[in-house]
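In the text below, chain A, chain B and the rest are named by the order of the sequence lines, each starting its count at 1.
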Amino acid sequence: MAKDFYTREENYSKWYNDIVLKADLAESSAVRGCMVIKPYGYAIWEKMQSALDKMFKDTGHSNAYFPIFIPKSFLNKEADHVEGFAKECAVVTHYRLKKDPSGKGIVVDDTACLEEELVVRPTSETIIWDTYRKWIQSYRDLPILVNQWANVVRWEMRTRLFLRTAEFLWQEGHTAHATKEEAVEETIKMLDVYTEFAEKHMAIPVIKGLKSENERFAGALETYCIEALMQDGKALQAGTSHFLGQNFAKAFDVKYSSKEGKIEYVWATSWGVSTRLVGALIMAHSDDNGLVLPPKLAPIQVVIVPIYKSRQEFEQVCEKAREIKKGLEDRNICVKLDDRDTHKPGWKFNEYEFKGVPVRIAIGMRDLKNKTVEIARRDTLEKTTFQEADIVNKIEHLLEAIQDNLYQKALSFRENNTTKADTWEDFKDILDNQGGFIYAHWDGTVETEQKIKEETKATIRCIPSDNKKEKGECIYSGKPSDQRVIFARAY
RNA sequence: CGGGGUGUAGCGCAGUCCGGUUAGCGCGCGUCGUUCGGGACGACGAGGUCGCAGGUUCAAAUCCUGCCACCCCGACCA
């Protein structure tokens, strides 16, 4: 096979880039830092969207849509919030263009200056909470459980396709509650939704936990996250859920009358996942032969490649292929019959392999005679010949087996790359030579975390939700600590 | 925003140091034929404002100035 792309070993980030580009997921655009998501990549995102959207609806949420533009003044109503985002906001200052007086092209019309500049949303807490003020008067108006699917812009210095782009797609849930307990419960509930999605659909094991103060969302009281481990040993935050307390309610004056007739501030949460998940998916499962997709998120779950010489053979083979396709589609399996005559079978094999299609069926005259089909699975690259009888059930089980195998592989990778460090030397050594998640004691201070970050580039990924208490000494300062936290270098 | 690199056909590159016929090569693309169970082969063919704007020169892909874009490494971030 002609290798025209990088392997993980050679250059991990080029390998990643090659997969994104050559599997037709996305490409960079004419606009700095912004990507074009191509149909195949977008189809993966749509699969993610539809699974998540259902989970949101099942937990009582509704979709809505808020403006992409936020009045500049909104952003600085919550002090921490503005601090967190001010450095990466795109700002709209004018609303009109005109012909360049010199005759060439168009220029901004200086007379059409906005009275108040508009910020392109980096996230929507402010515009949403300004709106919620109008929606909420009584405890009867609560809770509000709203999600929006949207694009946001964060003017990043350095971008990477899917992992970090100036504009990205995401969903952001914004809920309003009467009590602290209810808001905290919501925060955890949505974290659990994300965990289930990551593990069941993306086949990526994640660690649920709480962010340290350093890594907390600007404006949140507590930020929870799910952290996944990529094949190069770096961590990737795959989802966040914030308990916002009453910060935004106070900033935007959102109050309600309780049953007892008291005026109270509303409690808030927000939670989101983004197109970054596509990057996570790639880096968690793919191999040196290209993309590997878990069946549940694969736009094409099964591809059928007919093998033939003459036109007559083509017809015969395709007839069988269509029959199998129909059977699979009746089970809601997404099948593509690639009956293009413009490409040869071998070419198609490589094409679908690189694009991560979980199962490939090849049917030729030999199979028609023997009542068999050739099955190739993408995760293990195994090829087997199946009897055609009961093929639909077999494929259905195979897809489940692939989904499960990918999860198990990712899980054992994580287990093999999760270590404990008890000395500073060990800690640095593991980071440089192995990577992965490192459980280590930490004295709980921001200063120590920052020092560790400066010296090693590792950050605290989270304090795991199911963490067990354990007396120890901080890996860096030697001060007493009562639990280990997870450190890693991260995306 | 700092350091480094690269812009030449759809993609990947050579040519640039040392200016001089008609700017090449591989892949891809088109037509025809033979092929077709892991990226086929042959023949013929199409395709270029050499990133953009100035300048030097008889002559610029090549030298000079400015700008732009992208990539890599840092600081920041989901």
Do we get A/Arg360 above A/Phe349's six-membered ring, with its NZ or CZ under 6.0 Å from the centre and within 45° of the axis?
-> yes

Is the A/Phe66 to A/His174 ring centre distance short of 6.0 Å?
-> no

Look through every strand shown and name the nucleotide pairing with B/rG10 as Watson-Crick or G-U wobble, where both distances are under 3.5 Å.
-> B/rC27

With heavy atoms under 4.0 Å as the rule, sort A/Thr223 into base, sugar-phosphate or nothing.
-> nothing

Contact class for A/Phe168 vs. all strands (heavy atom < 4.0 Å): base, sugar-phosphate, or nothing?
-> base

With P as the reference atom in both, quote the distance from B/rC18 to B/rC72 in angstrom, rounded to an integer.
-> 32 Å

I'd like a list of close polar pairs between nucleotides 68-76 of chain B and the protein, N/O only, cut-off under 3.5 Å.
{"residue": "B/rC70", "atom": "OP1", "partner": "A/Arg32", "partner atom": "N", "Å": "3.3"}
{"residue": "B/rC70", "atom": "OP2", "partner": "A/Arg32", "partner atom": "NH1", "Å": "3.1"}
{"residue": "B/rC73", "atom": "OP2", "partner": "A/Arg158", "partner atom": "NH2", "Å": "2.3"}

Any strand is fair game: report the nucleotide pairing with B/rG37 by Watson-Crick or G-U wobble, both distances under 3.5 Å, or none.
-> none

Pairing nucleotide - B/rG42, Watson-Crick or G-U, each distance under 3.5 Å | B/rC32

Rounding to the closest angstrom, what is the interatomic distance between B/rC50 and B/rG10 at atom P?
-> 13 Å

Pairing nucleotide - B/rC58, Watson-Crick or G-U, each distance under 3.5 Å = B/rG20

Rounded distance in Å between the C1' positions of B/rA60 and B/rC71 = 27 Å

Look at the side chain of A/Lys383 and the base of B/rG38, then say whether one donor and one acceptor between them are separated by less than 3.5 Å.
-> yes

Taking for each residue the nucleotide of RNA chain B bearing the nearest heavy atom, is the 5' side occupied by A/Phe349 or by A/Ser274?
-> A/Phe349

Just checking, any donor-acceptor pair under 3.5 angstrom between side chains of A/Tyr308 and A/Asp341?
-> yes

Counter-base of B/rC50, judged by Watson-Crick or G-U geometry with both distances under 3.5 Å | none

Just jot down the salt bridge (charged side-chain N to carboxylate O under 4.0 Å, His left out) partners of A/Arg461, sequence neighbours excluded, or say none.
-> A/Glu215, A/Glu227

Among B/rA78, B/rG38, B/rG37, the one nearest any side-chain atom of A/Arg360 is B/rG38

Any-strand Watson-Crick or G-U partner of B/rG2, both distances under 3.5 Å | B/rC73

With sequence neighbours left out, what residues match A/Glu323 under salt bridge (charged side-chain N to carboxylate O under 4.0 Å, His left out)?
-> A/Lys320

Here the residues of residues 308-317 of chain A within 4.0 Å heavy-atom distance, strictly under, of RNA chain B are A/Tyr308, A/Lys309

Pairs meeting criterion salt bridge (charged side-chain N to carboxylate O under 4.0 Å, His left out) with involvement of residues 39-55 of chain A, two or more places apart = A/Asp53-A/Lys57, A/Lys54-A/Asp58

Have A/Ser124 and A/Glu172 got a donor and an acceptor in their side chains that come within less than 3.5 Å?
-> yes

Could you pull out every donor-acceptor pair under 3.5 Å between side chains of residues 229-237 of chain A and any protein atom, sequence neighbours left out?
{"residue": "A/Gln231", "atom": "OE1", "partner": "A/Arg8", "partner atom": "NH1", "Å": "2.5"}
{"residue": "A/Gln231", "atom": "NE2", "partner": "A/Met283", "partner atom": "O", "Å": "3.1"}
{"residue": "A/Gln231", "atom": "NE2", "partner": "A/Ala284", "partner atom": "O", "Å": "3.4"}
{"residue": "A/Gln231", "atom": "NE2", "partner": "A/Ser286", "partner atom": "O", "Å": "2.8"}
{"residue": "A/Asp232", "atom": "OD1", "partner": "A/Lys234", "partner atom": "N", "Å": "3.2"}
{"residue": "A/Asp232", "atom": "OD2", "partner": "A/Tyr491", "partner atom": "OH", "Å": "2.5"}
{"residue": "A/Gln237", "atom": "OE1", "partner": "A/Lys211", "partner atom": "NZ", "Å": "3.1"}

Would you indicate what A/Leu236 reaches in the nucleic acid, counting non-hydrogen atoms under 4.0 angstrom: base, sugar-phosphate, or nothing?
-> nothing

